[in-house]
Amino acid sequence: MADTFYVTTPIYYVNDKPHIGHAYTSMAADTLARWHRSLGEDVWLLTGTDEHGLKIEQAARASGVTPQQHADRYSQRFRDLWPVLDVAYDDFIRTTEPRHEQVVAAMWERMEAAGDIYLGQYEGWYSVGDEAYFTEDELVDGKAPSGHEVSWVVEPSYFFRLSKYGPALLEHFEKHPEFVRPVTRLNEIKRFVEQGLQDISISRTTFSWGVQAPGTDDHVVYVWLDALTNYISALGGPAGEQYARYWPASVHLIGKDILRFHAVYWPCFLMSAGLPLPRQVFAHGWWTIDGQKMSKTLGNVVDPIDMAQRYGADAFRYFLLREVTFGSDGDFSERALRDRINGDLANGLGNLLNRTLGMLKRYRGGVVPAPGASGAEDEALLAAWGTARADLLSAMDDLAFNKALAAIWTLVGAGDKYVDSTAPWTLAKQGADARLDTVLYNLIETLRVIGVWTLAFLPNKAADVLDRLGVPADLRDVPSTAEWARLPTGGDTTVGDPLFPRLEAPEASEAPAPKKPAKQPKAPKQKQAQQPKPSAKKAEAPADGTIAYDDFAKLQLRVARVVTAERHPDADRLLKLTVDAGEPEHRTVCAGIAEAYAPDDLVGRTVVLLANLAPRKIRGVMSQGMLLAAGDGADIQLATVPGDLPPGTAIS
RNA sequence: GGCUUCGUAGCUCAACUGGUUAGAGCGAGCGGCUCAUAACCGCUAGGUUCGGGGUUCAAGUCCCUGCGAAGCCA
């Protein structure tokens, strides 16, 4: 029987709007699930929504619907999100489902049977206006933070003997130091438990939207006891078949804000109920946005659907898992995202695929050739494969997604180096057919291995890679990459469009991304006027690609006259021109027209210059603008204007 | 206030239980190549490892202290 792997996300609170944090946890969980599935394990991925509690009751009342209607509506938002992000869960649990409520009641009864539940009194500062309790230090000038009056209220409540389980929990930490990850979180929790645990209230009578506590008629089960139980209720509870198969969970993935509930309350509840504890609770960090805390008031909340639509779910996921250590906090910015996409995905993986398939098509008609004898370059490539594989496997065991991806990308780098050192184009010219076959085969196999390894991270793009390579279904799992040269020869491949097109910086002004807003000495009277806010992206192009006139008006097109022209010293396809655009100084412009125009033919011509393009160094030559032209390669035609307009004339 | 982490090249981060010239990616500079998505490959960048003190044959890596940052304390 295959090993089982049961991974959970938290159940998300239905009042929340899905944001980057939810997406992060779930994408990580999905990646882990795909990885273990690829290893051949029997995997179960659970997610869901948390739908009980006073706040839900209040929110529903405020919008004039029943709590259930409210929960239905908002639960659906999460259910709709996951397919967009390729989160393929096996079950979606809702705390308002009967299958869940039954198990909550069963948990209560087990804990009660263990003698761990007793009736007591819950007391604290209660605000009628907020319908909530506050602790002494939460009070502001003796009032609730909202400003409402508070009074000392006592209500009957059932308590759980949490205090009884402190020693057992500490012992569990000793025996299973991997129970809480990362270690710094384990330390925090240990200290907390060592201080001594107090019994906790597990029922309320001040609201009714929840699971009724067994044996009572006006007590509702405390929301955390209710919510945490989802991890077993979704399996059918202690008597369920799925429970027998998957419990205890391999890992609960959570955000660090809910660590205590998962690392203290939940294991104690389980101990009381006589049930095994999950193997691990892994708390990941938070994302800041452009260096700032995410908050509604700042308006910098990152919408995962927006990111998936604009950059692709694969790239978004890649970034989140590659950028920071899982467990630490990280900073999200679109600039960093673009850098990752361009550097790792486009220039790295995408380009390696593109150049390999291009050569295979050109030299071998796209058919996978049979490899021959190995040389030194091949040994280096295979060594890189072996190292990457070992690093990858251990990183995934530790949930070190960033290390795992770094390991995979060392193989991408090794592939590029292999191309460089074997120079297939030279082999082709020399007619070294056997060697060329070997090189091309090894490249294809390298990409197959990379494709398989990245399936868990880039579900769509990696499948695309494997499809283009013509990899059969049985060579798409991780074990199939433990041995080199598994891919059969003779298969057809498809080149296709670039896997990840390069992204250009959307606005030149944003490109250098000044760290501190005010560093250039500016004229004081300008008062730092309109700092271009990255979030002010209202002028996004609509889906059909039409743009507003204002967008067009940003382009400064001018008539220009070619003054000098010469071949670019370092690029076969480029010409280096100087043009007169009606300005005091002539401008230098690089243009990719060397295959269509001889330098001498251009001097004196009238052309169209995009004058306000950000200057850019191209192969060592600073280009201050761009000439408009139609076509490409040898069939390119420069755009021009008839008549005798003077240089500098604006075109609009 | 107590406890726990952390402060390493311009940026983001590595360096297992203390041990050869402190590493990688990005950025920058120089060179190479032309199969490729202005891509790719190579070389270079010489950073008082936050400051100070100590232990040791040897410290980024342990101890003390100052400064700074983050997290936990129901």
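Here is the naming used below: chain letters follow the sequence lines, and residue numbers restart at 1 for every chain.
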Atom pairs, protein N/O to nucleotides 69-72 of chain B N/O, distance under 3.5 Å:
from: B:G71; atom 1: O2'; to: A:R185; atom 2: NH1; distance (Å): 3.1
from: B:G71; atom 1: O2'; to: A:E188; atom 2: OE2; distance (Å): 2.7
from: B:C72; atom 1: O4'; to: A:E188; atom 2: OE1; distance (Å): 3.3

Donor/acceptor link under 3.5 angstrom from A:R191 side chain onto base of B:C3 | no
Could you tell me how far [M] sits from [N] if I compare only their [atom1] atoms? Round to whole Å.
{"N": "B:G60", "M": "B:U8", "atom1": "C1'", "result": "7 Å"}
{"N": "B:C6", "M": "B:A24", "atom1": "P", "result": "24 Å"}
{"N": "B:C50", "M": "B:C11", "atom1": "P", "result": "14 Å"}
{"N": "B:C3", "M": "B:A45", "atom1": "C1'", "result": "42 Å"}
{"N": "B:A69", "M": "B:G31", "atom1": "P", "result": "45 Å"}
{"N": "B:A15", "M": "B:G23", "atom1": "C1'", "result": "7 Å"}
{"N": "B:C40", "M": "B:G46", "atom1": "C1'", "result": "27 Å"}
{"N": "B:A38", "M": "B:G51", "atom1": "C1'", "result": "46 Å"}

Does the Lys NZ or Arg CZ of A:R204 fall within the cation-pi geometry relative to A:Y122 - under 6.0 Å from the ring centre and within 45° of the axis? yes
Ignoring the backbone of [X], work out which of [options] is nearest its side chain.
{"X": "A:Y265", "options": "B:A74, B:C41, B:A38", "result": "B:A74"}
{"X": "A:L197", "options": "B:A74, B:C35, B:C41", "result": "B:A74"}
{"X": "A:N351", "options": "B:G42, B:U37, B:U4", "result": "B:U37"}
{"X": "A:W425", "options": "B:U34, B:C40, B:A74", "result": "B:U34"}
{"X": "A:T325", "options": "B:A74, B:U37, B:A14", "result": "B:A14"}
{"X": "A:D416", "options": "B:C41, B:U37, B:A74", "result": "B:C41"}
{"X": "A:Q198", "options": "B:A38, B:C40, B:A74", "result": "B:A74"}
{"X": "A:Q195", "options": "B:U37, B:C35, B:C73", "result": "B:C73"}

[X] [atom1] to [N] [atom2], straight-line distance once rounded to whole Å:
{"X": "A:I408", "N": "B:G25", "atom1": "CD1", "atom2": "C1'", "value": "16 Å"}
{"X": "A:D420", "N": "B:G32", "atom1": "CG", "atom2": "P", "value": "14 Å"}
{"X": "A:R338", "N": "B:C26", "atom1": "CZ", "atom2": "C1'", "value": "15 Å"}
{"X": "A:D339", "N": "B:G27", "atom1": "CG", "atom2": "P", "value": "7 Å"}
{"X": "A:L337", "N": "B:C26", "atom1": "CG", "atom2": "P", "value": "17 Å"}
{"X": "A:L345", "N": "B:C26", "atom1": "CG", "atom2": "P", "value": "13 Å"}
{"X": "A:N347", "N": "B:G27", "atom1": "CG", "atom2": "C1'", "value": "14 Å"}
{"X": "A:N187", "N": "B:C6", "atom1": "CG", "atom2": "P", "value": "10 Å"}

Sequence neighbours excluded, the answer for salt bridge (Lys or Arg N to Asp or Glu O under 4.0 Å) partners of A:D329 is A:K256
* What about the rings of A:Y311 and A:F319, do their centers lie closer together than 6.0 Å? -> no
Examine A:W224 together with A:Y265 and report whether their ring centres are nearer than 6.0 Å.
no
For [X], report the nucleic acid contact type (base, sugar-phosphate, nothing); a contact means any heavy atom under 4.0 Å.
{"X": "A:G415", "result": "nothing"}
{"X": "A:G350", "result": "base"}
{"X": "A:P424", "result": "nothing"}
{"X": "A:L499", "result": "base"}

Point to revise | Carboxylate-amine/guanidinium proximity below 4.0 Å for A:R364 and A:D433 | key: yes
Paired to B:G27 by Watson-Crick or G-U wobble criteria (both distances under 3.5 Å) is none
Pairing partner of B:C72, by Watson-Crick or G-U wobble and under 3.5 Å for both distances, is B:G2
Taken to the nearest 0.5 Å, the spacing of A:E178 CD from A:L186 CG works out to 9.5 Å
**Prompt:** Is there side-chain contact between A:E377 and A:L381, with heavy atoms separated by less than 4.5 Å?
**Reply:** no
Polar side-chain atom of A:D314 near backbone of A:K461 as donor-acceptor pair, under 3.5 Å | yes
Review point. Donor-acceptor pair, A:S203 side chain versus A:Y158 backbone, under 3.5 Å?
Key: yes
For the residue pair A:E155 / A:T205, report whether a side-chain donor-acceptor contact shorter than 3.5 Å exists.
yes
Under 4.0 Å between a side-chain N/O of A:K417 and OP1 or OP2 of B:G42, yes or no?
-> yes
